[in-house]
Amino acid sequence: MINAHKILFDTVQQALAQVYNISNPVITFQKTRKEFEGDLTLVTFPFIKETKKSPEQLGQELGEYLVKNNTNVSAFNVVKGFLNISLTNQFWLGYFNAVKDSVTIGYKKENSSGKTIMLEYSSPNTNKPLHLGHVRNNLLGFSVAQILKANGHKVIKANIINDRGIHICKSMLAWQKFGNGETPASSGLKGDFFVGKYYVLFDKENKKQIEELIAVGKTKEEAEKKSLLMLEAQDMLRKWEAGDKEVVDLWKTMNGWVYEGFAVTYKTLGVDFDKMYYESNTYLLGKEIIEEGLKKNVFYKKENGSVAIDLSGEGLDEKIVLRSDGTSVYITQDIGTAIERFKEFPQLSQLIYTVGNEQDYHFKVLFKILEKLGYAWAKECYHLSYGMVELPEGKMKSREGTVVDADELIDEMLATATATTKELGKVDDFNEEEFKELNKTIGLGALKYFILKVDPKKKMLFDPKESIDFNGHTGPFIQYTHARIRSVLRKAAFDFERGEAKVEMSAIEKELVKFIYDFEGVVAESGTAFNPALVANYIYEVTKLYNRFYHECPILKEEDENIKIFRLQLSKLCAQAIANAMNLLGIVVPEKM
RNA sequence: GGUCCCGUAGCUCAGCUGGAUAGAGCACAGGUUUUCUAAACCUGCGGUCCUUGGUUCGAUUCCAAGCGGGAUCACCA
């Protein structure tokens with residue numbers, strides 16, 4: 001791999017050592033800002049103390065040294081303390097020729113790092129359909145998995161389904177009481193929406209009962225605990241845990257409906273999993289670990305019989321890990337499943353949890369406990385925390401009906417895409433299936449890009465009234481650019497791929513080559529930061545630049561054969577980079593749109 | 001109250017480990033098509049980078065305090 005930074009680094013280091021006697025300097029290059037002449041810039045301020053030179057003088061001397069001693073350096077200029085270095089056309093052309101036919105541009109070789117990473121994401125409850133918050137989770141998880149793979153890691157995508165607990169019993173109970181044998185098939189409802197309907201119904205009926213109890217003089221707290229429906233739901237949970245056949249059968253049936261619904265949404269979103277976990281299988285895990293931890297004095301028994309850990313020394317609080325009746329809490333099974341996974345996959349080098357930032361504290365506690373239990377891999381556990389998706393009126397709340405359903409949102413995106421495609425009328429030769437497929441590609445591209453271009457850590461705002469844009473800094477813009485390049489390449493109709501480019505690149509062409517050169521670094525960075533937004537924003541810059549190039553420079557109409565071939569090759573490389581970058585975001589790019 | 005996260009243009013967001021005159025998109029005003037796809041391109045408008053101190057040759061970036069917003073601190077999951 002041709003590496004400009006490395007080439008310059010060595011010469012600068014040599015210069016500093018030989019001429020100024022500075023050993024082990026910290027040398028970092030940055031991209032030269034576009035208003036200045038040059039490719040890479042060295043800031044000379046850090047060296048002025050030791051060299052006792054003015055920034056300008058040092059820059060001048062270093063520049064001269066570079067030109068003299070490094071054949072790849074063609075020129076330099078100094079502005080204040082900034083040494084702007086230009087590399088030769090030959091160098092950039094050499095890089096271009098080396099990568100121009102690479103279909104894996106930006107990616108490292110598969111499984112080349114030797115690292116196996118388990119990445120858990122999605123992890124839904126089986127009592128309601130997926131909403132926009134889940135969409136962010138799913139897209140983020142899938143994209144980070146893609147990025148980690150592109151960094152040469154082996155990734156196991158895991159999904160742990162929260163298929164048991166009081167919330168499931170609520171839907172079950174409501175269906176039993178008010179369902180009259182209705183099914184998704186008989187009602188025409190998608191399975192997850194069907195079950196979600198009963199979850200809401202439970203809440204509604206339960207509220208009525210609570211109000212009645214309050215009217216009879218109970219306090220709000222009492223009423224919430226003692227409503228008949230709530231008691232029945234709890235009873236149902238006990239029966240489930242005891243393996244009561246009737247309850248378990250109902251549970252299987254209703255979860256089955258939900259899974260059918262989820263499968264559709266997952267397929268539409270284009271996300272998938274290598275490994276499914278179910279909490280109904282894992283919820284008892286962890287108890288024996290607590291016993292062991294008690295013996296090792298990591299935990300202690302409280303007077304009432306519950307077991308806890310004191311993390312006040314770590315700036316955290318006391319945390320209960322086992323109830324006084326001996327049953328486990330949420331974190332108990334998390335401790336158990338983590339240990340289980342490292343047993344199941346001994347080659348695992350990292351375990352990543354894609355979970356919203358409302359659980360930051362939970363994961364801090366979890367990892368700390370695992371560390372205290374003596375698991376060396378505890379420090380390789382990572383909480384991929386992301387911000388909430390908020391609506392203009394604030395947080396989404398299922399009970400208040402202020403959620404944006406994933407399926408409905410996707411449908412809306414497809415409708416917008418379809419309307420625009422029809423209006424523009426560029427693909428009238430498509431058959432119905434191709435037409436549908438294209439609009440799905442574009443609609444989902446818009447949605448995915450909209451979500452992934454934002455730094456995962458930050459909360460993001462979604463305004464349903466202002467629908468997601470298809471122009472500007474968007475997925476469709478990037479998809480469009482790709483389609484346009486492919487169109488030009490199709491029209492070229494001669495073998496432009498053969499042979500190496502031999503041209504004097506124009507400023508904008510060189511700029512494009514330089515951008516492509518950055519791709520690999522961006523992928524690496526987004527991998528270590530678990531941040532798809534870096535890829536998203538990078539490829540947007542490339543795309544924008546390409547569009548300017550497209551407008552400024554004729555390609556097929558270019559008369560100089562060498563330049564024409566180079567521009568075609570460059571276009572092809574840009575299209576490949578766009579496709580590869582978008583693939584990291586889970587976004588498909590069309591050949592035509 | 002403790003802890004954590006956030007605060008950049010009217011709106012939505014970039015700004016990597018401190019570096020040059022803080023950038024995009026949307027919106028708004030205007031322009032570009034007999035020429036490779038106008039879902040594009042170009043021009044203009046738009047800023048107390050929340051405030052105040054500190055460190056530094058240099059701070060939107062690091063530190064401290066304050067203000068504002070959010071999350072969390074369950075024998076819920």
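- Contact detail for A/A158 and A/Y277: the closest heavy-atom pair is CB-CE1, 3.9 Å.
- With a cut-off of 3.5 Å on both pairing distances, B/U21 has no Watson-Crick or G-U wobble partner at all.
- Only the C1' atoms considered, B/G66 is 37 Å distant from B/C28, to the nearest whole Å.
- Rounded to whole Å, atom C1' of B/C57 lies 17 Å from atom NZ of A/K52.
- The existence of a salt bridge linking A/D560 and A/K564 is excluded, since no basic side-chain nitrogen approaches an acidic carboxylate oxygen closer than 4.0 Å.
- One finds a side-chain N or O of A/K491 lying less than 4.0 angstrom from the OP1 or OP2 phosphate oxygen of B/U37.
- Ring centers of A/Y538 and A/F519: under 6.0 Å apart, within the cut-off.
- When the P atom is compared between B/U72 and B/G47, the two are found 37 Å apart, to the nearest whole Å.
- Within 4.0 Å (heavy atoms only), A/A492 reaches no atom of the nucleic acid at all.
- Atom CD of A/E314 and atom C1' of B/C4 are 16 Å apart (whole Å).
- Projected onto RNA chain B by closest heavy-atom contact, A/P476 and A/K557 fall at different nucleotides, the more 5' of which corresponds to A/K557.
- Side-chain N/O atoms of A/R490 include none lying less than 4.0 angstrom from OP1 or OP2 on B/U37.
- Considering only heavy atoms from C-beta on, A/C553 stays 4.5 Å or farther from A/E558 through its side chain.
- Put simply, CZ on A/R548 is 10 Å from P on B/C41, counting in whole angstrom units.
- B/C41 atom C1' lies 13 Å from atom CG of A/L545, rounded to whole Å.
- A/S487 has no side-chain polar atom (N or O) that falls below the 4.0 Å cut-off from OP1 or OP2 of B/C36.
- Taking atom CZ on A/F363 and atom P on B/U72, their separation rounds to 14 Å, with Å as the unit.
- Base engagement by A/T41 is indicated by at least one non-hydrogen atom pair under 4.0 Å involving a base atom.
- Taking 4.0 angstrom as the limit, A/R33 places a side-chain polar atom (N or O) nearer than this to OP1 or OP2 of B/A20.
- The neighbour count for A/K457 NZ, taken as heavy atoms of other residues, nucleotides or ligands under 6.0 Å away, does not exceed 12.
- Centre separation under 5.5 Å together with a plane angle under 30° does not hold for the ring of A/F477 and the six-membered base ring of B/A40, so they are not marked as stacked.
- Spacing between atom CG of A/N547 and atom C1' of B/A24 amounts to 14 Å, rounded to whole angstrom units.
- OP1 or OP2 of B/C26 has not a single side-chain nitrogen or oxygen of A/N471 nearer than 4.0 Å.
- No contact: A/L316 has no heavy atom under 4.0 Å from any strand.
- To the nearest angstrom, P of B/A77 lies 12 Å from NZ of A/K170.
- Atom name P, nucleotides B/C45 and B/U8: the rounded distance is 23 Å, in whole Å.
- Put simply, CZ on A/F47 and CD1 on A/I27 are 5.5 Å apart, with the number rounded to the nearest 0.5 Å.
- Residue A/E541 is classed as having no contact, given no heavy-atom separation below 4.0 Å to the nucleic acid.
- For the C1' atoms, the distance from B/C16 to B/A9 is 23 Å, rounded to whole Å.
- With no hydrogens or angles considered, a side-chain donor-acceptor pair links A/N137 and A/Y386 at under 3.5 Å.
- Note on A/K364: only backbone sugar-phosphate atoms sit closer than 4.0 angstrom, heavy atoms only; bases stay farther off.
- At least one side-chain heavy atom of A/F462 sits under 4.5 Å from a side-chain heavy atom of A/L409.
- The residue A/T474 sits apart from the nucleic acid: no heavy atom pair falls under 4.0 Å.
- When both pairing distances are held under 3.5 Å, B/G68 makes a Watson-Crick or G-U pair with B/C6.
- Across all strands shown, the partner of B/G44 is B/C28, judged by Watson-Crick or G-U wobble contacts whose two distances both fall under 3.5 Å.
- Both thresholds, 5.5 Å between centres and 30° between ring planes, are not jointly met by A/F45 relative to the base of B/G58, so the two rings are not stacked.
- Between A/K544 and B/G23, a side-chain N or O to OP1/OP2 separation shorter than 4.0 Å is absent.
- Across B/U21 and B/G68, the matching P atoms stand 34 Å from one another, rounded to whole Å.
- You'll find that the side chain of A/F36 is closest to B/A20, out of B/A20, B/A77, B/A40.
- At the heavy-atom level, A/P590 lies nowhere under 4.0 Å from the strands shown.
- Taking for each of A/L556 and A/N357 the nucleotide of RNA chain B with the nearest heavy atom, the 5'-most of the two is the partner of A/L556.
- Spacing of P atoms, B/A20 relative to B/G15, comes out at 15 Å, to the nearest Å.
- When the P atom of B/A20 is taken as reference, atom CG of A/L83 falls 16 Å away, rounded to whole Å.
- The side chain of A/Y361 approaches B/U72 more closely than any other nucleotide in the set B/U72, B/C41, B/U37.
- Of the listed nucleotides (B/G70, B/U37, B/A20), B/G70 has the atom at the smallest distance from the side chain of A/E390.
- Cation-pi geometry between A/K31 and A/F515 is met: under 6.0 angstrom from the ring centre, within 45 degrees of the axis.
- Nucleotide B/C49 forms a pair with no other nucleotide shown, judged by Watson-Crick or G-U wobble geometry with both contacts under 3.5 Å.
- Among the heavy atoms of the strands lying under 4.0 Å from A/N84 is at least one base atom, whether or not backbone atoms are also near.
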Would you tabulate the pairs of protein nitrogen or oxygen atoms and nucleotide nitrogen or oxygen atoms of nucleotides 10-17 of chain B closer than 3.5 angstrom?
| residue | atom | partner | partner atom | Å |
| --- | --- | --- | --- | --- |
| B/C13 | OP1 | A/L461 | N | 2.8 |
| B/A14 | OP1 | A/D455 | N | 2.6 |
| B/A14 | OP2 | A/K458 | NZ | 3.2 |

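- When distances are taken from the side chain of A/H551 to each of B/A77, B/A40, B/C6, the shortest belongs to B/A40.
- No option in A/N84, A/L83, A/L62 other than A/L83 meets the side chain to side chain contact (heavy atoms under 4.5 Å, CB included) test with A/F76.
- Using a 3.5 Å distance cut-off with no hydrogens or angles, the side chains of A/T32 and A/D39 do not pair a donor with an acceptor.
- For A/Y480, whose side chain is taken as the heavy atoms from C-beta onward, the closest listed nucleotide among B/A77, B/U37, B/C73 is B/U37.
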